Number of protein chains: 2
Amino acid sequence: MSDLTSIVKAPQDDAPAHEPAPCAQTRQGAVTAALRQMILGGEITAGSRIGEAEMARRLGVSRTPVRLALTALEREGLLTALPRRGFRVRRFRLKDILDAFDVRGTLEGMLCRLLAEDIPDTARLDELEQAIADGEKIIARMPPGIGQARQWFASNDRFHHLLLDAAANRPLAEALHANNRLPLVVVGAVTCNLDQPELAAELMAAANKEHRNILDAVSRGQAGRAEALMREHVYQSRESLRRLLGDPARCRRHPGLPGWQLISPENES
Amino acid sequence: MSDLTSIVKAPQDDAPAHEPAPCAQTRQGAVTAALRQMILGGEITAGSRIGEAEMARRLGVSRTPVRLALTALEREGLLTALPRRGFRVRRFRLKDILDAFDVRGTLEGMLCRLLAEDIPDTARLDELEQAIADGEKIIARMPPGIGQARQWFASNDRFHHLLLDAAANRPLAEALHANNRLPLVVVGAVTCNLDQPELAAELMAAANKEHRNILDAVSRGQAGRAEALMREHVYQSRESLRRLLGDPARCRRHPGLPGWQLISPENES
DNA sequence: TCGCGATATTTTGTATGCAAAATGCCCAAA
DNA sequence: TTTGGGCATTTTGCATACAAAATATCGCGA
């Protein structure tokens, strides 16, 4: 990770990224991605100050793309800007993450309410049904390895994104995306309980069942039910994550849980 | 507006800015503020491409701060990034703005629900009461001139911000701030109906009454009522704005309504 | 006249130099 | 020993130079 030239030439494709992939056609994108990974992976200690010159040296590029990347990550919420002294890796309290789940639940609940009040056309409903079916098929091949978990997570992600697309509500989509940028809000605990495969399978099956109920409510125009179900669905993820983060020892066993090291026990932000 | 040196030396203070003032201790901040004002004021035609070199010449600074400012405004939602061709001034459909009001209503509704479920201490409730009382005092000095309207808007703003502070929910606060950055979402139609003073007075009085009801619900722990009242409160603003934008001729009479020129009738975004 | 390709121009991306601001350090004085 | 001021160092902010990419322009040929 000391020289970025290689990264520029061969952008990482391990992040399918529903968004139009802001990464790595340019050095700036590569630096941003590299820094993000270093922060989420704990390679840079949370709370430490980060200088552009130091990072430029460390990555083998000039200060210009580093500066751009740092401001980008600040807007992403991973860094906080010090007045005139560069940036610092942001530390989150557990409460912040849980609160972000509440925001997500509220917004996705709103999303389902809107959809139920203006039922999507059959094609979209079929796509949603398909995403659910895919998830079930993956679950049927349990117990899950890390690969299965990733596949299921992809189908889960597809379901949520299909809902969002169906609403065609740009401010809502942007609010959700911004909120979900916080670490751990999307890559919840569900996919990372692999040390307890039966629990993981249970969680995934339950989530899939909830998806089916949500889709049912939406397709019947049951706005209140759809909203409540989605809120509860997200709340279950929230509680699942809370249990996982409850004992940090389990986190340490999951390198696939990026960002958990940014959570400070109960101190200041 | 052709040379920014003066702006840097003497930062504008016409924007009290609850936030820690992201402006103008540095050139970058000054450029950002200037560009934002130019865009919102219609000085730069909506939909037009914006090059950093051109802007740098126009503002009399180098490309470096301009580039930073452009990316900042992109994150703010006023610009959209073209792949490798700089930026373009974003055009909003009326639907986007109305949708943003829906998001705001949902989030502020959530905020009130949370507050009612964990009632703030007396000091905070008193501050809220004070903000409402201030608003009423201003309304009593009707009919409103532009100055009165600004004063009332300040008290209105203070009320909403006090609620947000009381919740101490950072993700919620950030989601709201990001959403409200869209033009016209905060500076709603209420304060800009000055061509019909009696209507403006009516709207302000109604809004203040709603504030009082909301605070009552919150302080009594009536979560559902508080949430519903706040949603409706925002919905009234939304409809008010919709009526105002219904005939663009009225907008043109209100130079205090920044950003209305970014709304494209019913075309593509 | 139209299409196509080569060249010229514009524009972004990156690196680096310089100045100002802030921090940290050291020494002197109380 | 502690405190305060001045100096050195670090670090950011800005400008500019250069290279690469994309676009626009022009001319040539069919």
Side-chain angles (χ1 to χ4, degrees), chain A residues 1-11 20-35 44-45 47-75 78-90, chain B residues 1-11 20-35 44 47-75 79-90:
Chain A
M1 186 65 58
S2 64
D3 196 338
L4 266 190
T5 323
S6 52
I7 294 183
V8 177
K9 295 293 171 70
C23 336
Q25 196 116 0
T26 168
R27 265 187 165 77
Q28 175 196 145
V31 171
T32 307
L35 276 177
I44 304 177
T45 42
S48 67
R49 210 176 69 81
I50 225 174
E52 47 184 71
E54 176 200 341
M55 265 308 143
R57 279 193 308 270
R58 197 159 155 186
L59 295 176
V61 298
S62 86
R63 283 170 42 211
T64 309
V66 172
R67 164 183 288 250
L68 275 293
L70 288 176
T71 70
L73 289 176
E74 186 220 344
R75 297 192 206 295
L78 288 182
L79 301 176
T80 62
L82 308 179
R84 247 193 204 275
R85 292 294 291 161
F87 301 86
R88 146 169 309 165
V89 180
R90 181 168 161 195
Chain B
M1 186 67 55
S2 62
D3 195 337
L4 267 188
T5 322
S6 53
I7 294 183
V8 177
K9 297 292 172 72
C23 332
Q25 195 117 1
T26 169
R27 267 186 164 78
Q28 176 196 143
V31 171
T32 307
L35 275 178
I44 305 178
S48 68
R49 206 175 74 80
I50 225 174
E52 43 185 75
E54 175 201 342
M55 263 311 142
R57 281 194 306 271
R58 197 158 156 187
L59 295 177
V61 298
S62 87
R63 283 171 44 212
T64 308
V66 172
R67 165 182 289 253
L68 273 295
L70 288 176
T71 70
L73 290 175
E74 186 218 345
R75 299 272 173 188
L79 300 176
T80 63
L82 307 179
R84 253 188 200 276
R85 292 293 291 161
F87 300 86
R88 146 170 308 164
V89 180
R90 182 169 159 195

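All figures in this text were calculated on a predicted structure; none of them were measured in a lab. Note on naming: letters A, B, ... go to the chains in the order of the sequence lines (proteins, then strands), and numbering restarts at 1 for each one.
- Atom-to-atom distance recorded for A:Thr80:OG1 and A:Arg90:CZ is 8.0 Å, nearest 0.5 angstrom.
- Atoms CD (B:Glu54) and C1' (C:dT12) sit 14 Å apart, rounded to a whole Å.
- Residues passing the salt bridge (Lys or Arg N to Asp or Glu O under 4.0 Å) test with A:Arg63 are A:Glu52, sequence neighbours excluded.
- Remark: the backbone N or O of B:Gly47 is paired with a side-chain donor or acceptor of B:Arg88 at under 3.5 angstrom.
- Regarding contacts with the backbone of C:dA15, every side-chain N or O of A:Arg57 stays at 4.0 angstrom or more from both OP1 and OP2.
- The shortest distance between side-chain heavy atoms of A:Val66 and A:Met55 falls below 4.5 Å.
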Residue pair B:Arg49, B:Leu82: steps toward the side-chain contact (heavy atoms from CB on, under 4.5 Å) verdict: CA-CA 9 Å; B:Arg49 206 175 74 80; B:Leu82 307 179; 3.8 Å; yes

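- One atom, CE of B:Met55, and another, P of C:dT12, lie 12 Å apart when rounded to the nearest Å.
- Counting only heavy atoms from C-beta outward, the side chains of A:Leu78 and A:Val89 never approach each other to under 4.5 Å.
- Nearest approach of B:Thr71 to A:Arg75, heavy atoms of both residues: O-NE, 4.3 Å.
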Reading 5' to 3' through nucleotides 13-23 of chain D, protein heavy-atom contacts under 4.0 Å coded B for base, S for sugar-phosphate only, - for none: BBBBB----SS

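- Computed from coordinates, the B:Arg49 CZ to C:dT10 P distance equals 13 Å when rounded to whole Å.
- The end-to-end axis angle of the helix from C:dT1-D:dA30 to C:dA30-D:dT1, rounded to 10 degrees and based on five pairs per end, is 10°.
- Looking at every heavy atom in both residues, B:Ala69 comes nearest to B:Val31 through CB-CG1, 3.6 Å.
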